[in-house]
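Have a look at the structure below, then the notes.
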Amino acid sequence: MMLATLNVKEKTIKLVSIPRDSYVNIPEVGYMTKINHAHAYGGAKAIIETVEELMQIPVDYYVRVNFYAFMDIVDAVGGIETNVPYELSEKDSNDRHDAIHLKPGLQKLNGEEALALARTRHADSDIERGKRQQELLKAIVNKALSFQSISNYDEILKAVGTNMETSMTFDEIQSLIKYGRSGNVEFEQLSLKGIDGRMDNGPYIYLLDETSLEDVKSKLASHLWLTVKQNKKEIENG
């Protein structure tokens with residue numbers, strides 16, 4: 001789960017990965033639990049409401065992709081170049097164990113290989129996996145924005161097909177592409193610090209560090225020229 005803010009005038013994007021086991025309040029049900037449970041309770045709407053409450057900024061759009069959409073996008077842009085931090089063996093998209101084997105170093109990855117890198121966390125943590133996923137997203141965006149013809153983007157959308165769901169209209173997607181192609185867009189990667197915990201001596205949870213959370217919230221709000229105290233209703237009312 002990643003949250004992105006876009007500052008149009010500065011042409012900057014801030015990306016923050018939200019660990020799936022983060023222990024947060026889910027407005028849909030009114031109690032604290034893992035953030036990845038929000039989807040089961042109320043789909044995209046519940047996730048958006050949860051992230052808005054957690055980060056205190058409005059979420060205007062969402063994009064949800066499954067494994068196949070991710071692979072299709074990577075393959076549609078002709079693969080991506082990224083750094084593999086360590087040697088790894090990971091499942092493929094059909095959950096066959098050790099089907100994908102990658103050596104460390106800068107290299108070009110196809111869809112299956114990029115998915116393996118996005119999924120793996122055996123050698124480190126969910127936090128580091130989030131950072132890798134941010135790097136992969138940056139690589140995909142930069143590769144896609146290098147295309148000269150708008151037909152390339154139509155092909156990408158066709159390749160994704162029913163494996164992607166978004167609240168954005170086709171015109172909004174086209175406008176975003178046009179904006180991205182108008183000049184270099186700079187990314188800043190953010191992460192949420194925390195500690196491991198247990199929920200009532202039961203399942204594992206990730207307890208977000210309040211200082212880190214407040215720092216990220218402040219950066220995102222400032223990036224959108226908002227104050228952290230503003231809620232969505234106040235923002236919508238001007």
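The first residue of the sequence shown is numbered 1, and numbering continues consecutively from there. Source: prediction; values computed, not measured.
- Note that CG of D196 and CD1 of I205 are 9.5 Å apart. Values are rounded to the nearest 0.5 Å.
- Listed by first and then second residue, the side-chain hydrogen bond (donor to acceptor under 3.5 Å, both in side chains) pairs involving residues 35-44 are Y31-Y41, T33-H37, H39-R64 (not counting sequence neighbours).
- Q133 meets the side-chain contact (heavy atoms from CB on, under 4.5 Å) test with M2, A118, R129; sequence neighbours excluded.
- Shortest non-hydrogen contact noted between A114 and I80 is CB-CD1, 4.3 Å.
- Every residue was checked against the salt bridge (Lys or Arg N to Asp or Glu O under 4.0 Å) condition with E81, not counting sequence neighbours, and none meets it.
- In this structure D215 satisfies the salt bridge (Lys or Arg N to Asp or Glu O under 4.0 Å) test together with K219, sequence neighbours excluded.
- When the side-chain contact (heavy atoms from CB on, under 4.5 Å) test is applied to A40, no partner is found at least two apart in sequence or on another chain.
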Task: Worked check of side-chain hydrogen bond (donor to acceptor under 3.5 Å, both in side chains) between E90 and T120 - done: CA-CA 7 Å; E90 187 59 71; T120 193; 3.1 Å; yes

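- Side chains of Y62 and E165: a donor-acceptor N/O pair is present below 3.5 angstrom, by distance only.
- For the pair T50 and N25, the tightest heavy-atom approach, listed with the atom from each and the gap, is CG2-O, 3.5 Å.
- Following chains of ILVMFWY side-chain contacts shorter than 4.5 Å, one cannot reach L106 starting from L109, and the two form parts of different hydrophobic clusters.
- Of the possible polar contacts, one joining the Q134 side chain to the L190 backbone as a donor-acceptor pair under 3.5 Å is found.
- The line from CE of M71 to CD of E113 is 12.0 Å long, rounded to the nearest 0.5 Å.
- Between the side chains of K11 and S182, a donor-acceptor pair is found at a separation under 3.5 Å.
- Partners of N163 under the side-chain contact (heavy atoms from CB on, under 4.5 Å) rule, at least two apart in sequence or in another chain, are N66, Y68, A69, D72.
- Residue pairs that meet the salt bridge (Lys or Arg N to Asp or Glu O under 4.0 Å) test with at least one member in residues 26-37, sequence neighbours left out, are D21-K34, E28-K45.
- Scanning for salt bridge (Lys or Arg N to Asp or Glu O under 4.0 Å) contacts around K193 gives an empty result, with sequence neighbours left out.
- When the shell of 6.0 Å around CD of E186 is examined, it contains 12 or fewer heavy atoms from other residues, nucleotides or ligands.
- Minimum heavy-atom separation, A38 to I26: CB-CD1, 3.9 Å.
- Atom OH of residue Y204 and atom CG of residue D126 lie 7.0 Å apart, to the nearest 0.5 angstrom.
- For K143, there are no salt bridge (Lys or Arg N to Asp or Glu O under 4.0 Å) partners at least two apart in sequence or on another chain.
- By the side chain to side chain donor-acceptor pair (under 3.5 Å) test, Y61 pairs with E172, sequence neighbours left out.
- The salt bridge (Lys or Arg N to Asp or Glu O under 4.0 Å) contacts involving residues 96-110 comprise E87-K103, D92-R96, where partners must be two or more places apart or lie in separate chains.
- Here the CG atom belonging to L176 is positioned 7.0 Å from the CG atom belonging to L6, to the nearest 0.5 angstrom.
- One side chain, K138 or Q189, offers a donor N or O that lies under 3.5 Å from an acceptor on the other.
- In summary, E135 and R132 do not engage in a salt bridge, as defined by a charged side-chain N under 4.0 Å from a carboxylate O.
- A salt bridge is defined here as a Lys NZ or Arg NE, NH1 or NH2 lying under 4.0 Å from an Asp or Glu carboxylate O, and R119 with D95 meets this definition.
- Under the side-chain contact (heavy atoms from CB on, under 4.5 Å) criterion, S22 pairs with I18, P19, V24, I35, Y206, L208, sequence neighbours left out.
- Judged by distance alone, with hydrogens and angles left aside, the side-chain atoms of S125 form a donor-acceptor pair with the main-chain N or O of E128 at under 3.5 Å.
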